2 protein chains.
Amino acid sequence: MRDAGATRRRLLEAATAEFAAHGIAGARVDRIAAAARSNKAQMYGFFGSKDGLFDAVLAEHFELIVDAAPLDGADLPGYAVALYDAYLAHPEVVRLATWSRLERHPVGDLFADGVDHGAPKVAVVAAAQRDGHVDPALDPGDVLSLVVGMATTWSPASILLAAGPDEAAAVHDRRREALAAAVRRAVTTGS
Amino acid sequence: MRDAGATRRRLLEAATAEFAAHGIAGARVDRIAAAARSNKAQMYGFFGSKDGLFDAVLAEHFELIVDAAPLDGADLPGYAVALYDAYLAHPEVVRLATWSRLERHPVGDLFADGVDHGAPKVAVVAAAQRDGHVDPALDPGDVLSLVVGMATTWSPASILLAAGPDEAAAVHDRRREALAAAVRRAVTTGS
DNA sequence: GTGAGGCAACCAACTGGTTGGTAGCCCGAC
DNA sequence: GTCGGGCTACCAACCAGTTGGTTGCCTCAC
């Protein structure tokens with residue numbers, strides 16, 4: 001029963017759910033401690049503060065946020081569809097990122113910690129342009145942004161319509177096809 | 001000096017800034033009352049509650065959210081660019097919509113009040129399909145969602161990169177061109 | 001083997017400041 | 001003089017963060 005690592009993990013898990021649901025300002029540390037079957041004192045021992053806990057949660061999901069799907073420069077439509085499915089399966093990841101955007105980083109890169117985390121992906125797109133897969137007239141960074149933008153069209157942070165698991169499979173399939181076709185035509189070359 | 005209407009307007013204005021900056025949970029009613037050079041008692045007299053005030057703010061910006069730019073079925077690329085500019089000029093509108101999405105309506109339509117506010121715009125797209133401007137194979141609702149999704153690629157709610165007014169004009173122009181080209185190729189027909 | 005000592009994990013109860021919301025009163029115009 | 005606009009002072013509930021202490025596990029002398 002006495003296992004600091006497991007307790008820490010339970011706290012992070014509970015904090016993920018709480019922050020994803022209510023954001024930083026709306027999250028309640030008591031709820032997190034209770035949901036994790038622990039207590040606030042331990043929480044503060046591990047993470048220092050409410051903000052520190054959010055940092056830890058975000059760091060844990062960092063890879064899932066920026067690499068929700070593997071990027072293949074030769075198959076950007078497939079990448080977009082994979083992102084659509086990832087956001088559908090894990091809406092909490094998108095919500096966490098969006099809370100961070102709204103409550104922490106109103107402009108610029110979401111992860112503005114000195115390291116340009118998008119650089120490798122931009123390089124992949126640039127390579128795909130050299131290989132004739134992607135329109136070379138476009139800025140590779142813009143291509144990446146646009147593809148992700150299209151994939152987030154029905155995400156839990158969308159303005160118009162957020163997709164949910166309750167919708168018919170046919171609706172999801174229709175969106176996947178429209179998304180793949182749109183990405184293909186928008187940024188890839190005929191080849 | 002004694003003008004209930006003007007006071008109400010000042011309160012709404014202050015509330016808009018406060019809610020856009022901090023969301024519902026993060027907003028502070030004292031700050032709103034102070035910023036409006038009024039007081040909480042009046043605020044509660046007008047709007048009943050913090051949530052009621054947010055409702056009023058959202059209702060006031062409703063049109064600006066859903067009709068940030070006029071929709072022309074024959075010029076969807078122009079519509080997308082106009083949206084990009086609108087979001088750049090009025091980030092608070094996008095932020096309000098996103099707070100509402102995150103804190104109030106996790107899935108489905110953002111304005112799920114029985115009325116389908118998107119219907120007229122979907123009809124415009126459907127007409128554009130009949131007129132040969134837009135690919136008729138796509139679902140008109142999906143077309144609208146995708147175009148708005150592309151236009152929000154660099155919005156204050158984006159996951160990767162949020163555009164700001166401090167960026168060079170050339171960067172904005174490059175994005176406008178990429179956006180227009182992408183929309184044109186993605187959903188419009190050759191004609 | 002065992003039991004005393006040490007220590008990390010654990011926790012209920014508390015604290016001081018904050019927050020949404022309200023009651024009661026003042027003031028100026030007509 | 002009264003009525004609508006305006007506002008200060010107040011409150012109960014809440015909330016992030018702390019305290020002081022308990023509990024169970026490991027270890028090592030004997």
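The structure presented is a predicted model; accordingly, all values stated were derived computationally and were not measured. Letters A, B, ... are given to chains in the order of the sequence lines, protein chains preceding strands, and every chain is numbered from 1.
Atom CZ in A/R8 sits roughly 17 Å away from atom P in C/dA8 (whole-Å rounding). We find that CD1 of B/I24 is positioned 16 Å from C1' of C/dT19, with the value rounded to whole Å. Residue A/D30 contributes atom CG, which lies 14 Å from atom P of C/dC11 at whole-angstrom precision. What separates CZ of A/R9 from C1' of C/dA9 is a distance of 15 Å, to the nearest Å. Distance, B/L11 CG to D/dG5 P: 13 Å, rounded to whole Å. Whole-Å rounding puts the B/N39 CG to C/dG20 P distance at 15 Å. Put simply, CZ on B/R28 is 11 Å from P on C/dT18, counting in whole angstrom units. Spacing between atom NZ of B/K40 and atom C1' of C/dG24 amounts to 15 Å, rounded to whole angstrom units.
Base contact: B/A41 has a heavy atom under 4.0 Å from a base atom. Residue A/A25 is out of contact with every strand shown, counting any heavy-atom pair closer than 4.0 Å. Residue contacts for B/A27: at a heavy-atom cut-off of 4.0 Å it reaches the sugar-phosphate backbone alone, with no base atom in range.
Near DNA chain D, meaning a heavy atom under 4.0 Å away, the residues from residues 42-60 of chain B are B/Q42.
A 4.5 Å side-chain heavy-atom check between A/R104 and A/I24 finds at least one atom pair inside the cut-off. With a 4.5 Å cut-off on side-chain heavy atoms, A/Y44 and A/V29 count as touching. Between A/T98 and B/R101, the closest side-chain pair of non-hydrogen atoms is not below 4.5 Å.
Of all the heavy atoms in B/F19 and B/K50, the pair that sits closest is CZ-O, 3.8 Å. Across all non-hydrogen atoms, the minimal contact from B/V134 to B/T189 is C-CG2, 3.7 Å. Pairing each heavy atom of A/L179 with each of A/A80, the nearest pair is CD2-O, 3.5 Å.
Which of D/dG5, D/dC7, D/dA16 sits closest to the side chain of B/A4 comes down to D/dG5. Side-chain proximity of A/R2 to the nucleotides D/dG17, C/dC11, D/dT23 is greatest for D/dT23.
Residue A/T7 has no polar side-chain atom (N or O) positioned under 4.0 Å from OP1 or OP2 of C/dA9.
Between A/Y84 and A/W154, the ring planes are perpendicular. Angles over 60° get that label, and only those under 30° would be called parallel.
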